[in-house]
Number of protein chains: 4
Amino acid sequence: MSDKPKRHLDPQLAEARRAQVINAASDCFRRKGYHAAGMAEISKTAGMSAGHIYNYFDSKEAIIEAIIERDKEEMFSVFNGFLEQPGDLLQIMVDGADDGVEKHLDLERSALELEMLSEAARNEKVAALLAQSDTQARALMKQLMQSERSQIRHLPEHELDARIAVMFSMITGLTMRRVLHPELDKDTILLALNPVLKTLLTP
Amino acid sequence: MSDKPKRHLDPQLAEARRAQVINAASDCFRRKGYHAAGMAEISKTAGMSAGHIYNYFDSKEAIIEAIIERDKEEMFSVFNGFLEQPGDLLQIMVDGADDGVEKHLDLERSALELEMLSEAARNEKVAALLAQSDTQARALMKQLMQSERSQIRHLPEHELDARIAVMFSMITGLTMRRVLHPELDKDTILLALNPVLKTLLTP
Amino acid sequence: MSDKPKRHLDPQLAEARRAQVINAASDCFRRKGYHAAGMAEISKTAGMSAGHIYNYFDSKEAIIEAIIERDKEEMFSVFNGFLEQPGDLLQIMVDGADDGVEKHLDLERSALELEMLSEAARNEKVAALLAQSDTQARALMKQLMQSERSQIRHLPEHELDARIAVMFSMITGLTMRRVLHPELDKDTILLALNPVLKTLLTP
Amino acid sequence: MSDKPKRHLDPQLAEARRAQVINAASDCFRRKGYHAAGMAEISKTAGMSAGHIYNYFDSKEAIIEAIIERDKEEMFSVFNGFLEQPGDLLQIMVDGADDGVEKHLDLERSALELEMLSEAARNEKVAALLAQSDTQARALMKQLMQSERSQIRHLPEHELDARIAVMFSMITGLTMRRVLHPELDKDTILLALNPVLKTLLTP
DNA sequence: CATGAATGAGGCTTCATTCAT
DNA sequence: GATGAATGAAGCCTCATTCAT
């Protein structure tokens, strides 16, 4: 598939450059969307010539793939935070919802997530990466649900899977909501979200 | 704004042609995305020359706007179906969820909805149309929730708004879910969705 | 060249239709220019379907050719007016200049004349028609200059040709002037034009 | 207005490229006219890809504007030549007319000037640039007429303005004349032009 | 390693012209 | 005679990608 392994003499510098590009592209995609953000803008934001970016990424598409990879890692740390936190799972989630809703209501974040999903609908590689990320997130969530601190640790797996699917749907949906309904505020959401979380996290 | 009202002598033919284009464009946007689908492909799919499309639509953008309008009308009839249906609202929604989840899990439908949301994130006109459609949908939902057949008709408005926001988030989220998690099936979802609906539709 | 003689059953009607189109196109070209005026607009202005115009003219180009032909005839009558007028030629021309300058300062008229000259620079047929019209105008002018009422009727022909060339240049130039210098008014022009006319029309 | 200043690292190269495009476009506009000359042809003539032209010009319109600017500068140097030349103004102009008429009779030059005027009749920006150029030319001419070497330096300004308008009309008109009357030669024109110049440049 | 000049395919849109009715 | 729906070539412009330096 890739004929050009593109070895770099200084792997550390290379990694730094890749990060520069990923961050810059991330910003640009957020602001303008994947299609509307041009390589020219990305290169300017990254402080690097357009041509040089191709020494680190095979294509614009490869950049969005790298962003997904990075976001997956961010997601891991969020879940790890939950895993390490003491106390009842329901309480953790309800507390986390406060921050989480705020974060997911961020309009620019929505835009980027939408771009990626949208791209996934027709780009197999992107779809595979996102699906993989989602699978791992669900696995981590299930692990949480089966931990000692969970009131539903004894429910059958299939039941847990169902609850996770619905819970994740809700989170994704909240992210999208902002596009359609920008005046919606965090507190309103929490008013209805908390009872739903309770439904999903208690037997 | 538009100097060319472009009256058509045979309004029926004109409407048929518009529908041809809207359907063709829907397909193309689903398959390739709004940006990637070219007018050439749309025109071929519609069985009509590219130039001729411009006798019915001012621009490619006008086509996606028409699609949104069409979908809005479809949404109205779904709600009207609910409004005319007898019986307890919770029961209606739980029954409706059966069909609804199936419909929303349809991968092609998801792709098109994603395209539109995605476009909305940076196209104000599209955003406005979708927001308007969403506002009306929420109003209809509130009307349902305040009808005699609803167990929560006496809750404060703000509470109803919150529940609606979360409920709609979940529906949108389910639509997106399919992209990330294609092996998810309807019955699994209903397993967890029904209790959540109950939570949202009872005091 | 023309395979389709296009005989019309009712030649009078046909001529009326041609005139309709010529007048409409004349207006449109004046307002928008030859290229910018579309057949759609011309047909609307003419009160006739676009397709039907092609029963009377082979192409858009044929229309501008017909306009030139019409204008040539207008030009004839102006000269005929001069020929029939009594009195000294210089006086006639000085008097005529008053009206003429006004007419030639008309901005829309300039636009149409410019369009035609511009088209002539690359369309042989148009060039030929305009040249023919110009040749006849110069011949008529020479006839005037050689008439009894002219003070310069005994100058050698070559001298007359030269004066005509310069005089016609000035008229064309005044027409164009309006585009570059719109605030220029008739009286200012006459102030300098009359002495020049005198120079050209006296020995 | 323009978000992309498009700085070029090597300003000399950039200027050379701009000149390449300007020259190529001049040729194409002459031959085919502004509208009929396509970017494809211009790019081929310039020996440069069509896309690359847009690194130096924002649009096709910007190219014609640059041509106007270039011609304005040429015009300045002609006037500066006159200003620096010693001797009586009338003599200078009569001598200048010899070269000037030749230059203005050049068919290709005419074609381009016609294109620009023609475009000015419906493109405000082009009209403004040409008008500005013309205004400056008239100012320079007035300066000449008011210099010591002029026999008419004491005439009232309004009288000078009038003479300038008529003189410039004549020059523009001569340029156009060639299109209608190609067999006209320089000597014939001078025969009548010199007395007119004398009329305009003496009290 | 790094640049940005250069390419060229492809995008949306317009419009003179044709033709079935 | 008359219509206007339909065509399709051509137009201007954008942008991911390459390559000489």
Side-chain angles (χ1 to χ4, degrees), chain A residues 8-10 13-14 17 35-44 47-63, chain B residues 4 6-10 13-14 16-17 35-43 46-63, chain C residues 6 8-10 13-14 17 35-44 47-63, chain D residues 4 6-10 13-14 16-17 35-43 47-63:
Chain A
H8 294 279
L9 291 190
D10 180 345
L13 178 56
R17 291 280 180 268
H35 286 98
M39 290 299 293
E41 187 183 356
I42 294 173
S43 78
K44 199 164 54 187
M48 186 185 313
S49 81
H52 197 38
I53 291 182
Y54 285 84
N55 287 327
Y56 301 107
F57 296 92
D58 281 345
S59 64
K60 196 183 175 186
E61 220 179 281
I63 299 176
Chain B
K4 300 172 184 171
K6 265 295 160 52
R7 287 281 157 27
H8 294 277
L9 284 208
D10 181 345
L13 177 57
R17 291 283 178 270
H35 285 100
M39 290 300 296
E41 187 181 356
I42 294 174
S43 79
M48 188 182 314
S49 78
H52 195 36
I53 291 180
Y54 285 83
N55 285 330
Y56 300 105
F57 297 90
D58 280 346
S59 63
K60 194 185 175 185
E61 207 183 304
I63 298 176
Chain C
K6 231 159 222 170
H8 293 278
L9 292 192
D10 180 345
L13 177 57
R17 291 279 179 270
H35 286 98
M39 291 298 294
E41 186 182 357
I42 295 172
S43 78
K44 198 163 53 185
M48 186 184 315
S49 80
H52 198 35
I53 292 181
Y54 285 84
N55 287 328
Y56 302 107
F57 296 92
D58 280 346
S59 65
K60 196 184 175 185
E61 219 180 282
I63 299 176
Chain D
K4 302 173 187 173
K6 265 290 160 55
R7 288 279 156 30
H8 295 277
L9 281 209
D10 180 346
L13 177 58
R17 291 283 178 269
H35 285 100
M39 289 302 294
E41 187 181 356
I42 294 173
S43 79
M48 190 185 309
S49 79
H52 196 35
I53 292 181
Y54 286 85
N55 285 329
Y56 301 105
F57 296 92
D58 280 347
S59 64
K60 194 184 175 186
E61 207 182 304
I63 299 176

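Just so we're clear, the structure is a prediction, and the values are computed from it rather than from any experiment. Naming: A, B, ... by sequence-line order, numbering from 1 per chain.
Put simply, the side chain of B:His8 gets close to the backbone of B:Asn55: a donor and an acceptor are under 3.5 Å apart.
Side-chain contact between C:Glu61 and C:Phe57: absent, with no pair of heavy atoms (C-beta onward) separated by less than 4.5 Å. Using a 4.5 Å heavy-atom threshold, the side chains of B:Arg17 and B:Asp10 count as separate.
Shown here for C:Ser49 and C:Ser43, the closest heavy-atom pair between the two residues is C-CB, 3.8 Å. Across A:Ile53 and A:Met39, no two heavy atoms sit closer than the pair CG2-CE, 3.8 Å. Residues B:Ala37 and B:Lys60 approach most closely at O-NZ, 2.9 Å, considering heavy atoms.
We find that CD of B:Glu61 is positioned 12 Å from C1' of E:dC12, with the value rounded to whole Å. The CD1 atom of D:Ile42 sits 7 Å away from the P atom of F:dC12 (whole-angstrom rounding). The CG atom of B:Asp58 sits 13 Å away from the C1' atom of E:dT14 (whole-angstrom rounding). The nearest whole Å value for the distance from the CD atom in D:Glu41 to the C1' atom in F:dC12 is 15 Å. Taking atom CZ of residue D:Phe57 and atom P of nucleotide F:dT14, one finds them 15 Å apart after rounding to whole Å. The NZ atom of D:Lys60 sits 15 Å away from the P atom of F:dA10 (whole-angstrom rounding).
Residue D:Ala37 is classed as a sugar-phosphate contact, given heavy-atom separations below 4.0 Å to backbone atoms only. When heavy atoms are screened at a 4.0 angstrom cut-off, C:Ala14 is found touching no nucleic acid atom at all. Within 4.0 Å of D:Met39, counting heavy atoms only, lie sugar-phosphate atoms of the nucleic acid but no base atom. Among the protein residues, C:Ala36 comes within range of no part of the nucleic acid, since none of its heavy atoms lies under 4.0 Å from any strand.
Between B:Tyr54 and E:dT14 there is no side-chain polar atom (N or O) within less than 4.0 angstrom of OP1 or OP2.
Base-pairing analysis of DNA chain E finds the following stems of at least three consecutive Watson-Crick or G-U pairs, with both pairing distances under 3.5 Å: E:2-21 with F:2-21.
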For this session: List the protein contact pattern of nucleotides 2-10 of chain E with one symbol per nucleotide (5' to 3'): B for base contact, S for sugar-phosphate-only contact, - for none; contact means a heavy-atom distance under 4.0 Å.
Result: BBBSBBB--
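Nearest-nucleotide positions on DNA chain F place D:Ser59 closer to the 5' end than the other of A:Ala40 and D:Ser59.
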